[in-house]
Amino acid sequence: MAAAVLGLQALGILALAVWQVVALGEGDTVSIASGIALIVLTLIGAVAVGAFAVGVARGASWSRSGGIVTQLLILAVALGAATGGYAHPLIGLAIAAVGVVGLVPLILDVRRANAERRDDEAPKR
């Protein structure tokens, strides 16, 4: 479940990059250099979240950690969207929902992995 959510988030970030490319092509940006830099950073983010999804599917602990950090960053963006200078509480709530939907299965996956590790380390009789 956590890998699927991270995979969907990676696809969403990739869609955001496509949207940014379209905006750049339409001349909807003030600075072409800043627009290109933002697209590159967005693509790097999509690749990173995609790597976390693959890692979670394979059971790698580093990927769960990265996924949790990603969800916390999403929640930070949600807080800013809900309370910032140009606040839109409903948009902030929608972004927060994405973060919570990703965070819950990741935490459950961490707990499951920890329980399995403890079972493997238990003395055999």
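The model shown is predicted, which means the values in this text are computed figures rather than measured ones.
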So, does Ser31 use its side chain to make a donor-acceptor pair with the main chain of Ser34 at under 3.5 Å?
yes

Mind checking whether Arg112 and Leu108 have side chains closer than 4.5 Å, heavy atoms only?
no

Establish whether Leu79 and Ile74 are linked, either directly or via other cluster members, by ILVMFWY side-chain heavy-atom contacts under 4.5 Å.
no

Rounded to the nearest 0.5 Å, what's the gap from CG on Leu43 to CG on Leu38? Could you check?
9.5 Å

Do Val104 and Val49 sit in the same hydrophobic cluster, where Ile, Leu, Val, Met, Phe, Trp and Tyr count as joined when their side-chain heavy atoms come under 4.5 Å apart?
yes

Locate the shortest heavy-atom distance separating Ala113 from Arg64; write the atom from each residue and the value.
CB-NH2, 3.6 Å

From His88 atom NE2 to Ile95 atom CD1, the distance as rounded to the nearest 0.5 Å
10.5 Å

Derivation and outcome, side-chain contact (heavy atoms from CB on, under 4.5 Å), residues Ile68 and Val110
CA-CA 10 Å; Ile68 288 171; Val110 168; 4.0 Å; yes

Going by side-chain contact (heavy atoms from CB on, under 4.5 Å), Gln71 matches just one of Val100, Leu6, Val101. Which one?
Leu6

Ala53 and Gly7 have their tightest heavy-atom pair at CB-N, 3.5 Å

Which atoms form the tightest heavy-atom contact between Gly92 and Ala81, and what is the distance?
CA-CB, 3.9 Å

Identify the two heavy atoms, one from Ala10 and one from Ala46, that lie closest to each other, and give their separation to 0.1 Å.
CB-O, 3.7 Å

Heavy atoms of other groups near Trp19 CH2, more than 12 under 6.0 Å
no

Less than 4.5 Å apart, side chain to side chain, heavy atoms only: is that true for Val47 and Leu14?
no

Among the clusters formed by ILVMFWY side chains lying less than 4.5 Å apart, do Ile13 and Val5 turn up in the same one?
no

Asn114 and Arg117: side chain donor to acceptor below 3.5 Å
yes

Please check if Leu75 and Phe52 belong to a single hydrophobic cluster, counting links between Ile, Leu, Val, Met, Phe, Trp and Tyr side chain heavy atoms closer than 4.5 Å.
yes

To the nearest 0.5 Å, tell me how far Glu26 CD sits from Leu24 CG.
10.0 Å

Group every Ile, Leu, Val, Met, Phe, Trp and Tyr by side-chain heavy-atom contacts under 4.5 Å, then state whether Val56 and Ile107 land in the same group.
yes

Do we see a donor-acceptor contact under 3.5 Å between the side chains of Gln20 and Thr42?
yes

